[in-house]
Amino acid sequence: MALFSNIIISPKPFVLSCSYQNTHLSKTPQNTKQDAIFKIKGPATLSGHITISGSKNSSLALIAATLCCSGSSLLHNVPNISDIQAMASILCSLGAKVESFDGKMMVNSDGVGKIEVDLEEMRKIRGGFFVIGPLVARFGEAVVALPGGCNIGKRPVDLHLRGLRALGAVVELRDGKVCAHTANGKGLVGGRFRLDYPSVGATETLMMAASMADGITLLSNVAKEPEVVDLARFLNDSGASIEGAGSDTLVIRGKSQLYGSECVIRPDRIEAGTFMIAAAITRSCISMSPVIPSRVSCLIDKLSEAGCKISQVDQHTLRVSAVPELYPGDDLKSFGIKTSPFPGFPTDLQPQIMALLTTCTGSSLVEESVFDNRMSHARELQKLGARIQVNGNSAIVFGKDKGSSLCGSRVIARDLRGGASLILAGLAAKGTTEIHKIEHIERGYENIVTKLQNLGADIERSTLPSLSSLV
Ligand code: EPU
C-alpha cells in the first residue's frame with residue numbers, strides 16, 4: 001500500500017496529538033462580545049476565474065475513514081473550514097495524530113487509545129458521527145454523541161444504527177450517547193442490509209464498518225452521491241474491496257486490516273454550484289475550476305433552462321454566463337425544482353436557487369423532499385424584499401415581475417446553505433446587506449470573502465458588538 005516515504009512535508013507541519021489547531025482560520029476569542037458579519041454592497045457584477053476548494057463532505061467522510069487504516073493516510077486539497085477543524089479535533093480526542101499543512105492533512109490513528117469521542121466537539125458537526133463505523137470495526141467499541149450540525153430538520157441516525165446491528169454490533173442509547181460494541185467480542189461480521197432511504201451518512205458509516213467486517217456485506221438502496229464514490233475510492237486504495245459505488249447496491253468484502261493511503265479530495269460540487277448561481281444572480285460571466293461537470297449536471301440543466309449559457313472550457317473548467325445580451329428584451333426565466341438524492345437536484349443548493357428565482361421573471365415552485373425543515377432562509381430572503389410563500393416543505397417564489405425586489409437589509413444566517421443564499425441575494429440587492437451569524441457559512445465555504453472579492457464583489461468581513469439583541 002502507498003505509504004509516504006517519498007513525500008516531503010513542508011513548510012513546518014504542526015503535529016497535534018491531543019488537540020487540533022489551525023492558524024489559518026480566523027477565530028474570535030470566546031470571551032469577547034463581538035460577532036463577525038459579512039457586509040455586502042450591491043448590486044455586484046462579477047468577472048474572472050475562481051478556484052473551487054476540495055469537497056467538505058468528502059473530506060469529512062475520508063477523515064473519519066482514516067480511523068480504519070493502520071499507518072498514515074495523507075489527504076490533499078482538504079478545505080480550511082471550521083467543520084474540518086472540528087472533525088480533526090474529534091480524531092485528536094481519540095488519540096489520533098493529525099498534521100495539517102498547506103491544504104494537506106496527514107492522519108495516523110495507530111495511537112488511538114479511547115473509544116469515547118469528545119462529546120462537545122462531536123455535537124458541533126453531523127459528520128462527527130461517522131467515526132462510529134470505523135471505531136466499532138477496528139477497535140470493537142465506540143461511544144459517540146447523537147450528531148449535531150445544521151438546523152435543517154430532525155436528522156435521525158436510525159439507519160446507521162440498524163445497519164451496524166445487521167453487521168453484528170450491539171447498539172444502545174444511554175444518557176444521550178450511542179454506545180456500540182461487537183456482539184461476539186471479536187469483530188463485525190458481514191451481512192445484508194437494505195436502507196429504507198438512501199441516506200448519504202448511513203451509507204458511508206456502513207461502508208467503513210463493512211470494509212473491516214469478517215465476510216461479505218450486501219448493502220442495497222444505498223446513496224449514489226459523489227461523496228460516496230470518493231469514500232469508496234479512498235477505502236479501496238487503502239486495501240478495502242467495495243464494488244458498486246455510484247449505483248444503488250454495494251458489495252463489500254471485508255478485510256482484516258486496511259492501510260493508510262494517499263488521496264486528493266475532489267472539488268466541492270456545492271461550492272461550485274453556489275458560484276454558478278452567483279454568476280446567474282448577478283447576470284455576470286465567471287469561470288471556475290476544478291469542477292467535475294457530471295456532478296453538477298442537474299444545476300447546469302436548470303440554469304440553461306433559465307437562459308444562462310454554460311460552457312465547458314476544458315475537462316475541469318466551466319464558464320457560466322448570464323450577461324443580459326444573451327436574452328435581449330427578456331430576463332432569466334423562472335423554473336421549478338424538487339430536491340432529491342443524487343442525481344436529482346441537490347438539497348444543498350435549494351436555498352441558493354431560491355435566492356436566484358426571486359430575480360427571474362415569472363413564479364416558481366421550490367419543493368424540499370430530503371430534509372423536513374430546510375426553508376428558514378425564506379424568512380431572511382423576505383427581509384431583503386423577496387416575495388416567497390412557504391407552505392411546509394414547499395415554497396412559491398415570485399420573480400421580479402411578480403413583486404420580488406431585492407434591497408439591502410440586516411439578515412441572519414440560520415444554517416450553512418441558507419447563509420450562502422443570503423450572500424447571493426446580497427450580491428444582487430441594491431444597497432448594503434449585513435449578514436449575521438456567519439459562523440454557519442464559515443463551516444462550509446473556504447475563503448468565501450476573498451474569492452468573491454477577487455471576482456469584483458464589494459464584500460467584507462467585520463466584527464460588531466454581540467448579536468443577542470437581534471435574535
Ligand atoms: N435519515 C434518516 N435516518 C438516518 C439517516 C438519515 O431518516 O439514519 C434521513 C434524514 O433525516 C434526511 C434524509 O435521510 O431527511 C437525508 O439524510 P442523509 O443521511 O442523506 O444526510 P446526511 O448524511 O446527514 C449529508 C451531507 C449534507 C447533505 C445530505 C444530503 C455530510 C456531512 N452532510 O448529510 O450536507 O445535505 O447528505 O445530500 O455529508 C451541507 O453540506 O450543507 C449538508 C447539510
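Along the sequence shown, the residues carry numbers beginning at 1. Computed from heavy atoms alone, side chains included, the values below leave out hydrogens, waters and symmetry copies. Numbering of ligands and ligand atoms starts at 1, following listing order.
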*asked:* Applying side-chain contact (heavy atoms from CB on, under 4.5 Å) to Tyr445 and Leu416, what does each step give before you reach the verdict?
replied: CA-CA 9 Å; Tyr445 288 93; Leu416 167 58; 3.6 Å; yes

Atoms in ligand 1 with a heavy atom of [X] nearer than 4.0 Å:
X: Tyr197; answer: 13 (C), 14 (O), 16 (C)
X: Phe371; answer: 12 (C), 15 (O), 17 (O), 21 (O), 29 (C), 36 (O)
X: Leu416; answer: 42 (O)
X: Arg374; answer: 36 (O), 42 (O), 44 (C)
X: Val157; answer: 4 (C), 8 (O)
X: Val200; answer: 18 (P), 19 (O), 20 (O), 23 (O), 37 (O), 38 (O)
X: Val370; answer: 12 (C), 13 (C), 15 (O), 16 (C)
X: His160; answer: 8 (O)

*Show your reasoning for whether side-chain contact (heavy atoms from CB on, under 4.5 Å) applies to Glu227 and Ser55.*
CA-CA 8 Å; Glu227 294 73 24; Ser55 161; 4.1 Å; yes

Flag [X] as yes when one of its N or O atoms lies below 3.5 Å from any N or O atom of ligand 1, and as no otherwise.
X: Lys56; answer: yes
X: Asn57; answer: yes
X: Pro198; answer: no

_Just to be sure I read this right, does ligand 1 sit under 4.0 Å from the backbone of Ala202, its side chain, both, or neither, counting only heavy atoms?_
neither

*Relative to ligand 1, is Leu159 under 4.0 angstrom through side chain, backbone, both or neither, heavy atoms considered?*
both

Among [options], which one puts a heavy atom closest to [atom]?
atom: atom 5 (C) of ligand 1; options: Ala420, Ala61, Gly201, Pro156; result: Pro156
atom: atom 3 (N) of ligand 1; options: Leu349, Asp158, Asp83; result: Asp158
atom: atom 44 (C) of ligand 1; options: Asn373, Asp348, Asp415; result: Asp348

*So His160 and Phe130, would you call those rings parallel, tilted or perpendicular, with 30° and 60° as cut-offs?*
parallel

[X] [atom1] to [Y] [atom2] distance, which is reported to the nearest 0.5 Å:
X: Ile84; Y: Arg443; atom1: CD1; atom2: CZ; answer: 10.5 Å
X: Phe275; Y: Lys451; atom1: CZ; atom2: NZ; answer: 5.5 Å
X: Ser364; Y: Ile388; atom1: OG; atom2: CD1; answer: 9.5 Å

*Decide salt bridge (charged side-chain N to carboxylate O under 4.0 Å, His left out) for Arg374 and Asp348; before the verdict, give the C-alpha distance in whole Å, the side-chain angles of both, and the deciding distance to 0.1 Å.*
CA-CA 10 Å; Arg374 202 171 205 178; Asp348 293 342; 2.7 Å; yes

*Under the 3.5 angstrom rule, does the side chain of Asp268 hit a backbone N or O of Ser53 as a donor-acceptor pair?*
no

*Under 4.0 angstrom from ligand 1, any heavy atom of Arg443?*
no

*Mind checking what makes salt bridge (Lys or Arg N to Asp or Glu O under 4.0 Å) contact with Glu367, not counting sequence neighbours?*
none

Quiz: residues 173-181 side-chain donor-acceptor pairs under 3.5 angstrom, not counting sequence neighbours:
| unit_1 | atom_1 | unit_2 | atom_2 | d |
| --- | --- | --- | --- | --- |
| Arg174 | NE | Glu172 | OE1 | 3.4 |
| Arg174 | NH2 | Glu172 | OE1 | 2.7 |
| Lys177 | NZ | Glu116 | OE2 | 3.0 |

*asked:* Looking at Glu446 and Lys56, is there a salt bridge between them, counting it only when a charged N and a carboxylate O are closer than 4.0 Å?
replied: no

